[in-house]
2 protein chains.
Amino acid sequence: MGNRERIIDAAIELMNRSGSAVGTNQMAEHLSISPGNLYYHFRNREQIVREILQRLRCDLDAVLEIEADQSLDASRLADCFAGGAKVLWKYRFFFSASLELVTRDEQLAEAYRDFCARGIDQVEKAFRRAVATAPGRLSPASTENRMIAVNLWVLWTSWPRYVDVLRAEPAGESEIFRSQHHLSLMLKPYLAPDYYTAVVTHMRELMRR
Amino acid sequence: MGNRERIIDAAIELMNRSGSAVGTNQMAEHLSISPGNLYYHFRNREQIVREILQRLRCDLDAVLEIEADQSLDASRLADCFAGGAKVLWKYRFFFSASLELVTRDEQLAEAYRDFCARGIDQVEKAFRRAVATAPGRLSPASTENRMIAVNLWVLWTSWPRYVDVLRAEPAGESEIFRSQHHLSLMLKPYLAPDYYTAVVTHMRELMRR
DNA sequence: GTCTATACGCCGATAGAC
DNA sequence: GTCTATCGGCGTATAGAC
């Protein structure tokens, strides 16, 4: 594998471990290469982060992009939650530090706004599909669909940070996974009870490993 | 007013405007005093932030501490939401940057963990009281009360950051206030419809000004 | 209490040899 | 492609005069 890829991997690993303030020197040191070498492969620090966001976007699309003709049954929705948890864990530093990253790089900010807009759309669509498949005791008003999607998105993206703030020790995977139970609870009132319990059961299964 | 108070006020104002990375030099400059003078009043930068958290805690207690013998009617709950919005706006930098502040000061971290634990407890109590006062179509299971309280807390505390990330321009008060409508939506399934609409109506009234 | 001046450390980035 | 060496900027904090 080329040094370029290794630098990105190292950046993700180190930032997940120590926060987004990890410097280019530390990345180079961790790979036993020189700072100068790193700057041969990347114009600057920002460019590294931008490419990480590209990877993140791809991974999340694979999770949230629902096929048009497929019915959203409970196990498929559980896939979304479990996949969402994995993405959250893999790139947790990014979610934790999105604001700090974005304020130092306007180009990244634009890309991240796109990322959020697309993500919220996908969540809203998935929610509508789930409700259409198995409606619950309450049905959301038309404007409420979007608000609920935003609530889900904010809660999902904020979870790594919440965990980091409260825990003195570095966060474990299970604490990130817990977010998905909190998320699913927000859907519960709008879904049929048996459908909801099926989703939760599948989720637990998928995230056990 | 003494310089000590003025420094804290300046810190809040500047950090709300430019983010938590505002330096001691900038605070001093903004007040037309010298950096040395600032360090006469405070041991270090961290101490300033710690005192800001103390103020925040007091302000929030005034909003969330529900009197034991008072019934939680719709207008009182609306007070909580409106008061919560005001606190969120007044100290928005702190919510936006809690992790960064906390990671550089273990003493602050401990205080902030207390702050969160107490806040979540207060939210949970308020939620239980509201549900007891005006139960809706769904009633939360016993373990769900806490989870919902956590959801509310995370969403509430994460909102300023969410706004900062998405907006290129500095956030306005109204965008912060919008969070409360999203929060209240999470309660809706568990509250009687007329009670809920009364809460929302009061909220709008209170936050209009 | 308030000032001026400055030490110290850190990090991003570049120059230029190999 | 990879290295060594170094510049330049910024931010915290202190020393010591007034």
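Values reported hereafter were calculated over all heavy atoms of this structure, with side chains retained and with hydrogens, waters and symmetry mates removed. Within every chain, numbering begins at 1; the chains are lettered A, B, ... in the order of the sequence lines, protein sequences first and strands thereafter.
Contact annotation: N37(B) side-chain N/O to dC3(C) OP1/OP2 distance is under 4.0 Å. Under 4.0 angstrom from either OP1 or OP2 of dT2(C) there lies at least one side-chain N or O belonging to N3(B). A sub-4.0 Å separation between OP1 or OP2 of dT12(D) and a side-chain N or O of T24(B) is present. Dashed line: the shortest gap from a side-chain N or O of Q26(B) to OP1 or OP2 of dC10(D) is not under 4.0 Å. Remark: Y39(B) is in phosphate contact with dA13(D), judged by side-chain N or O atoms under 4.0 Å from OP1 or OP2.
In this structure, R4(A) atom CZ and dT2(D) atom C1' are separated by 16 Å, rounded to whole Å. Taking atom CZ of residue R104(B) and atom P of nucleotide dA13(D), one finds them 12 Å apart after rounding to whole Å. For the pair N25(A) CG and dT6(D) P, the computed distance is 15 Å after rounding to whole Å. Between F42(B) atom CZ and dT2(C) atom C1' there is a gap of 15 Å when expressed in whole angstrom units. In this structure, the CD atom of E29(B) is 13 Å from the P atom of dC3(C), given to the nearest Å. Rounded to whole Å, the distance from OH on Y40(B) to C1' on dA15(D) is 16 Å. For the pair L38(B) CG and dA5(C) P, the computed distance is 18 Å after rounding to whole Å. One atom, CG of L14(B), and another, P of dG11(D), lie 13 Å apart when rounded to the nearest Å.
Counted by atom type alone, D59(A) and Y91(A) present one or more donor-acceptor pairs between their side chains at under 3.5 Å.
Salt bridge E100(A)/R161(B): present, at least one basic N to carboxylate O contact under 4.0 Å. Remark: R92(B) does not engage E175(B) in a salt bridge, criterion side-chain N to carboxylate O under 4.0 Å. No salt bridge links R50(A) with E46(A); every basic N to acidic carboxylate O contact stays at or beyond 4.0 Å.
Comparing dT4(D), dA13(C), dA13(D) by their nearest atom to the side chain of E46(A) picks out dA13(C). Listed candidates were dG12(C), dT12(D), dC3(C). Nearest to the side chain of R45(B) is dT12(D). Here dT4(D) is the nucleotide among dT4(D), dG1(D), dT12(D) with the atom lying nearest to any side-chain atom of P35(A). The listed nucleotides are dT2(C), dT2(D), dG12(C); the one nearest the side chain of H41(B) is dT2(C). Distances from the side chain of I33(B) to the nucleotides dA13(D), dC11(C), dC3(C) place dC3(C) closest.
The residue G23(B) sits close only to the backbone: its heavy atoms come under 4.0 Å of sugar-phosphate atoms, none of a base.
Between W156(B) and F95(B), the distance separating the two ring centers is shorter than 6.0 angstrom.
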